[in-house]
Each structure stands twice: as C-alpha cells, then as structure tokens.
Amino acid sequence: MSSSWLNALSDLETRGIPAVLITVAATDGSAPREAGTKMVVTPAETVGTIGGGTLEFRAIEIARQMLSNRQGPSLRKFPLGPSMGQCCGGTMTLLFEPQRPDLFTVALFGAGHVGKAVVQVLSALPCRIRWIDPRPDEFPSHVPPGVEIEISNAPEREVSSLPDDAWLLIMSHSHAMDLGIAAKALLEDRFAYIGLIGSETKRARFLKRFRELGLTDTQIDKLTCPIGIDGVNGKHPGEIAIATAAQLLRLREARRTNLRVVDESAA
C-alpha cells in the first residue's frame, strides 16, 4: 500500500475522524500478506488491505468495536485455518492501534466573562469550540479560529446536535438554563465530560433537582461540579479558565489505556 495509509491518517486527523491502524506484526507459515502490511479502518470506510477474506472482515469488525468502545491498542493472533475459512494454514499477528485525533469538540454554554476567558484559553489548544448563548450581544465581534458561535433561545435543545464524546462546559447566565442543559446532557449519557460551573452549594441543589427529574445516581455521577483542577481556588475568570482547561487536558490524557494482548486462537 506504500504510504497511502500515512496519507489517509493525515487526512483523517485533519478532518477529526477517528481510525484504527492495523499492522501485520508477524506471520508464521503461509499468510496472505507479509509483516509490515498496513490498513486503516474508520467507522465508515477502509484504506488498504491485509489480505482480504474472513481475516480482514474480522479485523475490520474488531477495529470498529474498538472505536465504539474507546479501547486502547491491542495485539491479536489469528490462526488461518478452517475456523477462518482460509486455506493458508499459518498464523498472523495483527497490531490494532486506535488513532484518535488530538482535535476534540468543546461545547461551551455561556458567553459571560468566564465563558469569554475559557474561549481565549481553549482556542490555543487543538480543539473545536461550539459557543452557545441566547444573547447575541454578549459575543465579541471577532472570535479565534476554530470557534463557532451559535445563538439559540433554547440552548438545551442544542445538546442533541453535539457529537458523541464532546466535552461540555455549562456556565450560562441562568441557573434554570444550566439545569436544563445539564439534565439533557446527563440523560443522553454519551459525552466525554459534563462540567457545570458553581459551588458545592449549587451542586447540592442541582443534584436534588436531578433526582426529582428522575435521573439515576449513575447518570448524575457523570457531572463535574465545581469545575477546574484541585488547588486552584481563584474566582477571576482567567484563573477559572486555566484551571478548567487543565482539568480537560488531564482527563483526556487519562482516557488513554495500555496495550492489551489477545490470542484469538484461544477464543
């Protein structure tokens, strides 16, 4: 496949599309492709081939499951015998490496002083920001690249349009609006992070209301409130913004897992 896999990964990174790079790590006996052969699998397409047949079909299936379940890299050994419906008779060891773009989506609800400071900090990072508020006059006349302004009279309705694994920051000018956005996000249960600005007192009031709305403790546990890393207690918008950005980066790094080794012949 020459370097087409590298070009594919570069293009996917630019477009913010996750993928799995599959590499033939080793072969033993007869095999359809030699070690070093690569292919790229995304949720919707593939680039290249590791030999076709049942093995490739199974590898694509595994790769897409890894993307769906946000699994880390793994090394898997496949026997190429009757169970695979292939006549080669050898074995192939495949390395599966999920490639998740550094680019990530942050949905920021609120264009107040803290919201403005958060945008300034996050816009220096490799992320896309959807900045949502019902008040058009609150947005600055110019925003950094990668920031998309959305004026919505019902911000909680925008939650459903957010991509899976988005990172939500909720800091609107209204507690009722914050409650509606947070409740909708917790109910959908598909986001990487749901952060709500506020004190421990605000958290306690919101938890009570969430339970009255029928949310379970498991759903409610997905809420982060107060936001920001521990040890930064300043109230200045810039301090809050930096502490919040640091928390997002730390949590994003923690989502990465170690290499797992799986022998498919033992399954």
Side-chain angles (χ1 to χ4, degrees), residues 1-105 125-128 162-167 189-193 248-267:
M1 173 166 112
S2 67
S3 62
S4 60
W5 65 271
L6 189 58
N7 294 331
L9 288 181
S10 177
D11 177 62
L12 293 168
E13 172 79 19
T14 300
R15 293 189 286 149
I17 298 175
V20 174
L21 176 64
I22 303 176
T23 304
V24 178
T27 63
D28 184 14
S30 179
R33 288 291 187 275
E34 67 276 7
T37 303
K38 299 177 185 290
M39 73 178 296
V40 176
V41 178
T42 78
E45 60 184 331
T46 64
V47 177
T49 178
I50 54 169
T54 304
L55 170 68
E56 184 164 299
F57 179 83
R58 177 61 180 145
I60 292 170
E61 182 181 50
I62 290 171
R64 288 176 173 157
Q65 288 174 347
M66 293 175 75
L67 291 176
S68 177
N69 298 330
R70 296 200 60 82
Q71 295 173 354
S74 67
L75 195 64
R76 297 172 181 257
K77 185 176 182 180
F78 297 85
L80 303 177
S83 64
M84 277 284 174
Q86 297 189 213
C87 60
C88 298
T91 61
M92 290 179 71
T93 301
L94 303 181
L95 174 61
F96 294 77
E97 298 177 279
Q99 310 289 313
R100 298 184 177 90
D102 285 337
L103 205 62
F104 64 108
T105 298
L125 303 175
C127 69
R128 293 171 178 163
L162 298 174
D164 291 346
D165 273 347
W167 299 67
D189 191 24
R190 59 187 182 86
F191 300 114
Y193 173 91
L248 295 186
L249 293 174
R250 184 172 67 183
L251 291 173
R252 190 175 61 138
E253 183 67 24
R255 288 163 66 92
R256 298 179 180 175
T257 57
N258 295 323
L259 176 71
R260 298 185 305 115
V261 177
V262 179
D263 187 348
E264 292 288 330
S265 63

Please walk me through it: do Trp167 and Thr105 pass side-chain contact (heavy atoms from CB on, under 4.5 Å)?
-> CA-CA 6 Å; Trp167 299 67; Thr105 298; over 6 Å; no
With side chains defined as the heavy atoms from C-beta onward, is the minimum distance between [X] and [Y] less than 4.5 Å?
X: Leu55; Y: Leu80; value: yes
X: Pro73; Y: Pro98; value: yes
X: Met66; Y: Ser74; value: yes

Once rounded to the nearest 0.5 Å, what's the spacing between atom [atom1] of [X] and atom [atom2] of [Y]?
X: Ser30; Y: Met92; atom1: OG; atom2: CE; value: 10.0 Å
X: Arg76; Y: Ile22; atom1: CZ; atom2: CD1; value: 10.0 Å
X: Phe104; Y: Arg128; atom1: CZ; atom2: CZ; value: 12.0 Å
X: Gln99; Y: Thr42; atom1: CD; atom2: OG1; value: 12.5 Å

So which atom in [X] and which in [Y] form the shortest heavy-atom distance, rounded to 0.1 Å?
X: Ala25; Y: Ala35; answer: O-CB, 4.0 Å
X: Ala63; Y: Val20; answer: O-CG2, 3.5 Å
X: Gly51; Y: Thr49; answer: N-OG1, 3.0 Å

For Glu253 and Arg250, what are the C-alpha separation, side-chain angles and deciding distance, and is it a salt bridge (Lys or Arg N to Asp or Glu O under 4.0 Å)?
-> CA-CA 5 Å; Glu253 183 67 24; Arg250 184 172 67 183; over 6 Å; no
Do Glu34 and Thr27 have side-chain N/O donor and acceptor atoms under 3.5 Å apart?
->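 There is no such pair (donor and acceptor under 3.5 Å, judged by atom type) between the side chains of Glu34 and Thr27.
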What residue among Val47, Ile62, Leu67, Thr46 forms side-chain contact (heavy atoms from CB on, under 4.5 Å) with Val41?
->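 Option passing the side-chain contact (heavy atoms from CB on, under 4.5 Å) with Val41: Thr46.
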How far apart are the C-alpha atoms of Thr23 and Lys38, what are their side-chain angles, what is the distance that settles it, and do they pass the side-chain hydrogen bond (donor to acceptor under 3.5 Å, both in side chains) test?
-> CA-CA 4 Å; Thr23 304; Lys38 299 177 185 290; 3.0 Å; yes
Counting distance only, does the side-chain N/O of [X] pair as donor-acceptor with the main-chain N or O of [Y] below 3.5 Å?
X: Glu45; Y: Pro43; value: no
X: Asp11; Y: Asn7; value: no
X: Arg33; Y: Val24; value: no
X: Glu56; Y: Ile50; value: yes

Full working for side-chain contact (heavy atoms from CB on, under 4.5 Å) between Leu94 and Phe78 = CA-CA 8 Å; Leu94 303 181; Phe78 297 85; 3.6 Å; yes
Before giving the answer on side-chain contact (heavy atoms from CB on, under 4.5 Å), spell out for Asp164 and Phe191 the whole-Å C-alpha distance, their side-chain angles and the decisive distance to 0.1 Å.
-> CA-CA 6 Å; Asp164 291 346; Phe191 300 114; 5.7 Å; no
Show your reasoning for whether side-chain contact (heavy atoms from CB on, under 4.5 Å) applies to Lys77 and Asp28.
-> CA-CA 10 Å; Lys77 185 176 182 180; Asp28 184 14; 5.8 Å; no
